Amino acid sequence: NAGVTQTPKFRILKIGQSMTLQCTQDMNHNYMYWYRQDPGMGLKLIYYSVGAGITDKGEVPNGYNVSRSTTEDFPLRLELAAPSQTSVYFCASSPTPRGNQPQHFGDGTRLSIL
Amino acid sequence: DQQVKQNSPSLRVQEGRISILNCDYTNSMFDYFLWYKKYPAEGPTFLISISSIKDKNEDGRFTVFLNKSAKHLSLHIVPSQPGDSAVYFCARSGAGSYQLTFGKGTKLSVIP
């Protein structure tokens, strides 16, 4: 059982480039989330989705876009990469948003913008 | 506004002794508090949670205590093992939000 799979694991981008971080889950969870973790900080929510076709902004959405065409996939798009977007990005999923059904996380994508 | 605070960036404990990780919060509206454990180059993994209506939850070597009057919770690990060495995050769920609000984490090192 793979759980939540993120690709790529590492990426270096130049300022102004764009890229898509991939996330897929095989647990049939309705809820999916994108977080970023900056050094020495906790995770902050970028975007979330409550099901296919439905997405909404989290705490730090600026500079990112998402889509959710299937239950399994929740890609995160960076259109114009900026140094401030250097971070580790985590995708997560859960069956409901309740705390008694914890979110399952992927292993992250480490992104550097130079 | 840091709503979930983990004031100790690091903690060193001898193998076999008790590890106590602390978390303070400012917003009394929550559904659950959760503890996640994170190894380097891996994603956070769920460890244990506690409901807002309880003051203690136990799972094997791990116990979480919730003190609502002090707005404080703690995670006890007894006995500590070298494999427990990781970063531990406290996170709050609920309060009308879909997101988890994370603390900055505490790095636990268990010394053999």
Side-chain angles (χ1 to χ4, degrees), chain A residues 2-10 21 23 25 27 29-51 54-61 66 68 74 88-110, chain B residues 1-10 21 23-27 29-54 57 59 62 64 66 73 86-107:
Chain A
V4 178
T5 303
Q6 292 184 238
T7 56
K9 293 190 183 301
F10 306 95
L21 283 67
C23 175
Q25 53 96 3
M27 296 172 282
H29 288 168
N30 284 325
Y31 291 79
M32 296 189 73
Y33 315 83
W34 274 105
Y35 292 88
R36 60 176 285 174
Q37 185 191 15
D38 298 328
M41 302 295 288
L43 283 71
K44 293 189 177 182
L45 185 68
I46 305 171
Y47 270 95
Y48 67 93
S49 170
V50 304
I54 307 170
T55 63
D56 206 348
K57 297 177 181 178
E59 185 182 357
V60 289
V66 294
R68 182 97 181 269
F74 190 40
V88 181
Y89 292 83
F90 291 101
C91 179
S93 73
S94 65
T96 75
R98 293 292 308 279
N100 62 342
Q101 295 186 306
Q103 295 179 19
H104 299 257
F105 286 81
D107 284 340
T109 294
R110 186 176 296 273
Chain B
D1 176 27
Q2 194 181 340
Q3 297 187 18
V4 177
K5 300 178 184 179
Q6 294 179 259
N7 292 319
S8 298
S10 62
L21 297 99
C23 182
D24 297 302
Y25 59 95
T26 55
N27 188 334
M29 296 290 293
F30 69 93
D31 184 18
Y32 284 80
F33 268 100
L34 301 88
W35 285 94
Y36 279 84
K37 175 180 178 179
K38 186 183 180 303
Y39 293 117
E42 294 185 9
T45 56
F46 171 72
L47 191 58
I48 190 170
S49 65
I50 187 164
S51 163
S52 59
I53 63 173
K54 293 191 173 182
N57 189 27
D59 184 2
F62 303 92
V64 57
L66 176 61
L73 69 157
V87 177
Y88 289 78
F89 290 98
C90 170
R92 187 196 74 198
S93 79
S97 169
Y98 288 111
Q99 73 180 60
L100 291 176
T101 302
F102 284 83
K104 292 183 179 182
T106 297
K107 183 177 181 179

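Naming convention: chains lettered A, B, ... in sequence-line order (proteins, then strands); numbering from 1 in each chain. As the structure is a computational prediction, the values presented were derived from the model and not from experiment.
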Working to the nearest 0.5 angstrom, can you tell me the gap between Y39(B) OH and D107(A) CG? 13.0 Å
For residues K38(B) and F90(A), report the shortest heavy-atom separation together with the two atoms involved. CE-CZ, 3.5 Å
Restricting to non-hydrogen atoms, name the atom on G42(A) and the atom on F89(B) that form the minimum distance, rounded to 0.1 Å. CA-CE2, 4.2 Å
Can you tell which part of A91(B) gets under 4.5 Å to a heavy atom of chain A, answering side chain, backbone, both or neither? neither
Tell me whether the count of non-hydrogen atoms from other residues, nucleotides or ligands lying under 6.0 Å of CD1 in I53(B) goes above 12. no
Y36(B) side chain reached by P102(A) side chain, heavy atoms, under 4.5 Å: yes
Can you measure from OH (Y33(A)) to CG (L100(B)) and round to the nearest 0.5 angstrom? 7.0 Å
Under a 4.5 Å heavy-atom cut-off, does chain B meet the side chain of V50(A), its backbone, both or neither? side chain
Checking Q37(A) against chain B: side chain, backbone, both or neither under 4.5 Å from a heavy atom? side chain
Provide the closest heavy-atom pair for P44(B) versus L43(A) in the form atom of the first, atom of the second, distance. CG-CD2, 4.2 Å
Can you tell me which portion of F33(B) sits under 4.5 Å from chain A's heavy atoms? Options are side chain, backbone, both or neither. neither
Mind ranking G105(B), G43(B), C90(B) by heavy-atom pairs under 4.5 Å with chain A and telling me who comes out on top? G43(B)
When rounded to the nearest 0.5 Å, the distance separating CD of Q103(A) from CG of L34(B) is 8.5 Å
